[in-house]
Amino acid sequence: MDETEKTQESSADFFKEAIGLLNESKVPYMLGGAFAMFNYTGIFRDTKDLDIFCKSSEYTGILKFFSNKGFRVEHTDVRWLAKVFKENFFIDIIFDSVNHICTVDDTWYERAVQGTFMDMPVRFIPPEELIWCKLYVQNRERNDSADINHTLLKYGKQLDWEHLLFRMDAHWHLLLSQLLCFQFVYPADYNDIIPKWLFMELLRRANEQYELPPPVEKVCRGPLIDQTQYQVDVRDWNYKSYTIKTV
């Protein structure tokens, strides 16, 4: 067995142990990240981390449970992230997004998709919430646009498009931008997957922008999708940073 195979075997052992302990803990959680992507698209990625989602009121229970089992735990960022470590592998416990828009709440659990992982029962984060989170990841170092396109291609006919529009209502521009990208990437599939009513509604909103006076405040919403490359706008060009809420 070569080193790659040994690493894959070790990661599989870690994932199986982690899911077994998460289920044993009885703390609610949902599986996200690479394994949610695999569930919705069939795309497999070799990874050393397990992304799980839960409410902010619940992640401390997971940390305490794993700490009592001998794992090293980390209160990484009280605003959105905690971690559990074992050697080179780790669990990301996510309860919010960096921009504090995609906060996990009870509706995520209500809409979660039942499935199995490592032959054990799990709930995957809803596909609409998966897309919702990824629409705000447009950094130079990481851009999730291709992940969204693959999810739309493989799972789009099963999506609750009205719910996705509800999630993106305040920032519908990002959804329109992604649908145009999808149309560009998959011209032969677009008509069968993307509802025309949604596309026309978003185009209507875009056209309506020209009928309105420009905003009085010079605001840059760039930091919502990239927290580094738009710093110059706020720091040097006198734009106000756009935020949803503070914690």
Side-chain angles (χ1 to χ4, degrees), residues 5-74 76 80-97 102-134 144 147-148 150-161 163-164 167:
E5 291 174 329
K6 288 180 181 179
T7 300
Q8 290 175 340
E9 183 176 339
S10 297
S11 62
D13 291 340
F14 170 73
F15 297 146
K16 188 169 185 176
E17 179 184 17
I19 293 297
L21 289 173
L22 283 165
N23 290 346
E24 181 185 332
S25 76
K26 304 300 182 182
V27 180
Y29 75 94
M30 294 161 287
L31 193 57
F35 299 111
M37 279 293 298
F38 177 74
N39 186 64
Y40 295 125
T41 69
I43 297 173
F44 175 77
R45 291 175 182 159
D46 193 15
T47 179
K48 292 184 177 182
D49 70 295
L50 188 72
D51 288 349
I52 66 166
F53 289 72
C54 66
K55 297 195 300 181
S56 60
S57 59
E58 296 164 342
Y59 78 91
T60 53
I62 296 174
L63 286 184
K64 289 190 290 185
F65 183 85
F66 275 86
S67 179
N68 291 335
K69 293 290 185 179
F71 290 76
R72 181 168 71 87
V73 301
E74 179 181 274
T76 313
W80 72 283
L81 177 67
K83 290 177 179 284
V84 173
F85 296 91
K86 182 177 182 180
E87 298 174 352
N88 295 325
F89 307 101
F90 58 94
I91 305 171
D92 277 340
I93 308 171
I94 302 164
F95 43 91
D96 207 332
S97 55
C102 306
T103 305
V104 180
D105 58 28
D106 286 326
T107 63
W108 290 52
Y109 292 123
E110 293 166 4
R111 307 186 71 260
V113 174
Q114 300 285 344
T116 59
F117 178 71
M118 294 290 178
D119 297 323
M120 289 177 282
V122 296
R123 289 185 291 185
F124 294 97
I125 63 171
E128 295 81 12
E129 274 65 25
L130 177 69
I131 294 169
W132 181 33
C133 294
K134 286 181 174 294
D144 283 356
D147 278 356
I148 300 170
H150 288 142
T151 304
L152 296 181
L153 180 68
K154 294 299 183 179
Y155 205 83
K157 292 182 180 180
Q158 301 176 65
L159 282 178
D160 184 340
W161 288 98
H163 182 73
L164 181 58
R167 285 301 197 190

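Since this is a predicted model, take the numbers as computed values, not measurements.
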Could you tell me the separation between the [atom1] atom of [X] and the [atom2] atom of [Y], rounded to the nearest 0.5 Å?
X    : Y    : atom1 : atom2 : value
E87  : R72  : CD    : CZ    : 12.0 Å
W80  : C102 : CH2   : SG    : 11.5 Å
T41  : I148 : OG1   : CD1   : 12.5 Å
W108 : F95  : CH2   : CZ    : 12.5 Å
C133 : D144 : SG    : CG    : 9.5 Å
I43  : M37  : CD1   : CE    : 4.5 Å

Looking at side-chain heavy atoms only, is the closest gap between [X] and [Y] below 4.5 Å?
X    : Y    : result
R167 : T107 : yes
L152 : I131 : yes
P28  : K55  : no
T47  : F15  : yes
E24  : K69  : yes
F71  : E17  : yes
L50  : I19  : yes
E129 : R111 : yes

(request) Return yes when atom CG of N68 has more than 12 non-hydrogen atoms of other residues, nucleotides or ligands closer than 6.0 Å, and no otherwise. (result)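 Count over threshold, so yes.
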If you compare all heavy atoms of [X] against all heavy atoms of [Y], which two are closest, and at what distance to 0.1 Å?
X    : Y    : answer
G33  : D51  : CA-OD2, 3.5 Å
G156 : W161 : O-NE1, 3.1 Å
A112 : P126 : N-CG, 3.8 Å
M120 : K16  : CE-O, 3.2 Å
I52  : L31  : CG2-CD1, 4.1 Å
Y40  : T151 : CB-CG2, 4.5 Å

Between [X] (side chain only) and [Y] (backbone N and O only), is there a donor and an acceptor less than 3.5 Å apart?
X   : Y   : answer
S67 : L63 : no
E74 : K83 : no
N39 : F35 : no

(message) Testing V27, I62, V104 one by one against C54 for a side chain to side chain contact (heavy atoms under 4.5 Å, CB included), which residue passes?
(response)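 With C54 as partner, side chain to side chain contact (heavy atoms under 4.5 Å, CB included) holds for just one option, I62.
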(request) Could you walk me through whether Y59 and I94 pass the side chain to side chain contact (heavy atoms under 4.5 Å, CB included) test, one step at a time? (result) CA-CA 8 Å; Y59 78 91; I94 302 164; over 6 Å; no
(request) Assess whether side chain to side chain contact (heavy atoms under 4.5 Å, CB included) is satisfied between M30 and Y109, documenting all intermediate values. (result) CA-CA 8 Å; M30 294 161 287; Y109 292 123; 3.6 Å; yes
(message) Please enumerate all residues that pass side-chain hydrogen bond (donor to acceptor under 3.5 Å, both in side chains) together with N23, with sequence neighbours excluded.
(response)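 For N23 the side-chain hydrogen bond (donor to acceptor under 3.5 Å, both in side chains) partners, ignoring immediate neighbours, are Y29.
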